[in-house]
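Working notes, structure below.
If you're wondering where the values come from, they're calculated on a predicted model, not measured in any experiment. Remember, it's 1-based here, ligands and their atoms both numbered in the order they're listed.
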Amino acid sequence: MQRYFVSKKNDKFILTDLDLHHIKDVMRIKSNGEIICVYDNKSYLCTITYNNSAYDIKILNECDNDVELSKDVILYQAVIKNEKFDLVVQKACELGVKEIVPTIFERSVVKVDNKNIENKLNRYNKIIKEACEQSHRQLLANIRPFINLKDIKEDDDTLKIMAYENNNDKHSLKNVLSKIDNYKKIAIVIGPEGGFTIDEVNYLLSIGFISVSLGKRILRSETASIALLAIIASYLEG
Ligand code: SAH
C-alpha cells in the first residue's frame, strides 16, 4: 500500500502536487482507492476520491505500526562526495535515524560553499521523504544545517560514539552499547575519506565521545555509517 507524508488544512489531509501526480499517474490508483497517510507521527488508512480538478481524503482508521527506534539516534556524518552522502541519507532513514547533521572535517575531500548548501539540503529532504515513506516510518528524519566538527555539542544524557579507524583503546562497541539504557539518545560521529585528525579525535574525546572500532578493516565513510547504524538499530530492537 502506498504511503505519503501529508500536511493538514481545515482538518483535511493535504498532499503535495508531486504525491497527487504519483497517486494518479504513476501508481494509477483509481478514485475511491486506498492509500496510507502519515501525519503527526501517526499513520492512517484512507480513501482518496478525485476528479480532474480536486481530491478528497477520508480516514478509515488509524494504523498501528510503530516502527521507530526506542531511542533517538543522531548521525554526525562527515561531508563526503554527493552520491555517497545521498546514499548515507537514504540508508540512515531506513535504519531509523532521527537526525542527520552534515559535518565538515579538516580532511573532508568535498569543500562546502554557501551557494550550493540550499540545493543540497533540498535534495536531502527529498531523499528523506522518499526513504521514510518506503520504509514505512511514521516520522520524517530531520536534516540539520551543515556544521563544523567543533560545533558538535551533546549533553550528558546522550551516549556519544565516535567511529575511529585508528581506534586502539579498550572500548569495544559491544560494551559501549551495553550502557545504552542509561541514556536517552545516541549520537554517532563518522569521519571523512581522509579520516580524523588527532586534534579532532581529542576534541571529541574532550566533550565525552567514546572512540570505538568497527573492526580490523578500514571501511569507507558511507560503509561505516550504515554499518554502525545497523548495529545500533539491531541492538535497540533486540
Ligand atoms: N583515510 C583513513 C580512513 C578513513 S575511513 C585511513 O585510510 O585510515 C572514513 C571514516 O569511516 C573514518 O574516519 C571512521 O569514522 C570510519 N571508519 C572506517 N573504518 C573504521 C573502523 N575500522 N573502525 C571505526 N571507524 C571506521
Could you go through residues 78-87 and list every donor-acceptor pair under 3.5 Å that involves a side-chain atom there, pairing it with any protein atom two or more places apart or in another chain?
unit_1, atom_1, unit_2, atom_2, d
N82, OD1, K120, NZ, 2.7
K84, NZ, E222, OE2, 3.3
D86, OD1, R123, NE, 3.3
D86, OD1, R123, NH2, 3.1
D86, OD2, R123, NE, 2.9

> Are any side-chain N or O atoms of K160 and backbone N or O atoms of D155, one a donor and one an acceptor, separated by less than 3.5 Å?
Replying inline: yes

>> If the condition is salt bridge (charged side-chain N to carboxylate O under 4.0 Å, His left out), which residues does K98 pass it with, not counting sequence neighbours?
In response: D72

>> I'd like the residue list for ligand 1, meaning every protein residue with a non-hydrogen atom under 4.0 Å from the ligand.
In response: A163, Y164, E165, I190, G191, P192, E193, G194, G195, F196, V212, S213, L214, G215, R217, I218, L219, S221, A224

>> Would K71 pass as a cation-pi partner of Y183, given that its NZ or CZ must be under 6.0 Å from the six-membered ring centre and within 45 degrees of the axis?
In response: no

Contacts table for residues 13-21: side-chain donor-acceptor under 3.5 angstrom, sequence neighbours left out:
unit_1, atom_1, unit_2, atom_2, d
T16, OG1, D19, N, 3.0
T16, OG1, D19, OD2, 3.1
D19, OD1, K129, NZ, 3.3
D19, OD2, K129, NZ, 2.5
H21, ND1, D25, OD2, 2.8

> Just by distance, do the side chain of Q138 and the backbone of E68 share a donor-acceptor pair under 3.5 Å?
Replying inline: no

